[in-house]
Trainee: 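Next up is a structure, given as structure tokens.
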Amino acid sequence: MIMLLVGGYTGLLWVLVKVGVFPKWYGWMKISPIVVGVVAFMVIFLPLNWNAPMGGTVVTVGSVGIKPAVAGPVTEVVAVSHTPIAKGEVLFEIDKTPYAAAVLQAKAQLSLAQDQLTRKAKLLASNTVAEAEVEALRANVSVAEAAVTLAEVDLANATVRAPFDGIIPAMTLLSGNRVTPNVPVLAFLDIDKPVINLVLSQNQIRNVKPGQPAEAVFKAFPGQTFQGTVSGLYLTSPDAEYDLDGATPEVPIITDTTYVVVLDLETHGQTLPPGSSGQGLVLTDQGTKFQFINQLTLRMTTWMNFF
């Protein structure tokens with residue numbers, strides 16, 4: 001943008017010489033474009049770095065690893081990659097045979113414990129058995145009921161379901177694969193709650209606050225500019241964190257730290273695919289007279305996305 005300004009000023013001088021306003025090129029006319037460029041940079045473009053900061057944007061989504069709660073071979077894979085899946089829908093099935101058998105066994109043990117308690121309770125009425133013996137049988141019934149509950153939970157967990165609305169980016173699980181508890185076998189993405197991240201350097205965030213207007217463009221949507229606001233700032237970075245393992249902290253290498261500003265954009269019903277990238281800016285409360293320059297730059301960028 002500064003090159004356009006200097007080029008426009010130089011072109012104006014050329015026109016003025018051609019039409020005779022100035023009879024010739026004077027020395028000051030040759031130097032003035034440099035002066036204009038330096039002054040414009042110091043007065044206009046440099047402050048824009050923190051008055052209307054611009055940076056790269058990317059759309060991210062939450063992801064969880066699907067970890068089965070029981071072990072066994074996969075008997076059926078129901079879910080399909082890149083297909084919306086509603087919360088509670090079946091993703092895949094694990095062989096239920098041992099878990100169904102465990103439920104039957106636990107119920108049989110419960111039935112036996114209940115029968116024993118019933119018989120002993122009748123004998124207690126006639127003082128034939130001690131009350132402590134009956135209490136022990138009542139405890140056995142409670143233990144057997146708990147065993148039935150646990151067996152039924154394991155049987156239900158043999159059917160693995162979606163934890164929320166989302167998609168599977170790549171279905172790599174096949175029937176016959178053996179899964180083990182608490183080991184992730186699939187990635188599941190929460191596409192209904194995308195997060196638009198604007199990455200700014202540490203000298204750009206000085207005036208950024210939640211609630212300020214923001215704009216963003218994406219390569220996937222050439223010609224469009226999305227309006228919104230700043231919903232939050234992550235004023236920390238991995239370089240700022242010590243690994244508290246008891247050892248002497250290692251001082252990180254000093255780098256140009258970047259920070260993430262979260263944007264809340266109005267997409268008008270359009271879905272921003274996870275991973276979509278582009279450019280964004282924040283319109284702070286400072287230097288509002290020249291913020292249109294970065295807004296113009298952003299709109300030039302979105303039209304260049306056609307190429």
Side-chain angles (χ1 to χ4, degrees), residues 60-194 243-246 274:
T60 60
V61 294
S63 174
V64 299
I66 301 298
K67 302 177 181 179
V70 296
V74 175
T75 57
E76 183 182 8
V77 177
V78 180
V80 179
S81 301
H82 302 292
T83 301
I85 301 171
K87 178 180 179 180
E89 286 189 8
V90 176
L91 301 179
F92 60 91
E93 300 272 6
I94 301 172
D95 185 13
K96 297 181 179 180
T97 304
Y99 303 107
V103 171
L104 293 176
Q105 183 179 15
K107 287 183 176 180
Q109 293 290 344
L110 174 60
S111 179
L112 177 61
Q114 289 172 334
D115 289 342
Q116 290 176 341
L117 176 60
T118 300
R119 291 196 301 269
K120 293 294 184 178
K122 292 179 179 179
L123 294 175
L124 178 63
S126 59
N127 295 323
T128 306
V129 297
E131 184 174 352
E133 186 175 352
V134 175
E135 290 299 325
L137 291 174
R138 289 196 179 98
N140 288 343
V141 170
S142 297
V143 171
E145 289 174 341
V148 170
T149 300
L150 292 175
E152 290 175 340
V153 169
D154 285 343
L155 178 59
N157 286 335
T159 299
V160 181
R161 301 179 181 275
F164 46 77
D165 295 349
I167 63 169
I168 296 173
M171 175 57 76
T172 56
L173 192 65
L174 301 174
S175 296
N177 288 152
R178 184 173 182 84
V179 297
T180 54
N182 299 319
V183 175
V185 295
L186 291 174
F188 198 75
L189 307 182
D190 186 5
I191 60 173
D192 289 338
K193 297 178 182 178
D243 185 7
L244 302 179
D245 57 359

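Note: hydrogens, waters and symmetry copies are ignored here, and every other heavy atom, side chains too, is used.
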Trainee: So how far is it from Leu110 CG to Asp115 CG, rounded to the nearest 0.5 Å?
Mentor: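 CG of Asp115 is found 9.5 Å from CG of Leu110.
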Trainee: Sequence neighbours left out, cut at 3.5 Å: what donor-acceptor pairs do the side chains of residues 150-171 make with other protein atoms?
Mentor:
| residue | atom | partner | partner atom | Å |
| --- | --- | --- | --- | --- |
| Asn157 | ND2 | Val153 | O | 3.3 |
| Thr159 | OG1 | Glu93 | OE1 | 2.7 |
| Thr159 | OG1 | Lys96 | NZ | 3.1 |
| Arg161 | NH1 | Gly88 | O | 3.0 |
| Asp165 | OD1 | Lys87 | N | 2.6 |

Trainee: To the nearest 0.5 Å, how far apart are CD in Gln114 and CD in Glu145?
Mentor: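 Here the interatomic distance stands at 6.0 Å.
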Trainee: Has Glu135 got more than 12 heavy atoms of other residues, nucleotides or ligands less than 6.0 Å from its CD?
Mentor: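 For Glu135, atom CD is crowded (more than 12 foreign heavy atoms under 6.0 Å).
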Trainee: Leu91 vs Ile85, test: side-chain contact (heavy atoms from CB on, under 4.5 Å). Steps then yes/no.
Mentor: CA-CA 9 Å; Leu91 301 179; Ile85 301 171; 4.0 Å; yes
Trainee: So which atom in Phe92 and which in Ile94 form the shortest heavy-atom distance, rounded to 0.1 Å?
Mentor: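 Where Phe92 meets Ile94 most closely, the heavy atoms are CE1-CG1, 3.9 Å.
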Trainee: What closest approach, in Å, do Asp190 and Val61 show between heavy atoms, and which atom pair accounts for it?
Mentor: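 Heavy atoms of Asp190 and Val61 come nearest at O-CB, 3.6 Å.
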Trainee: Using atom types as modelled, flag every donor-acceptor pair under 3.5 Å from a side chain in residues 178-185 to any protein atom, sequence neighbours excluded.
Mentor:
none

Trainee: Can you give me the closest heavy-atom contact between Leu137 and Gln116, atom names plus distance?
Mentor: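 Nearest heavy atoms, Leu137 then Gln116: CD1-O, 3.6 Å.
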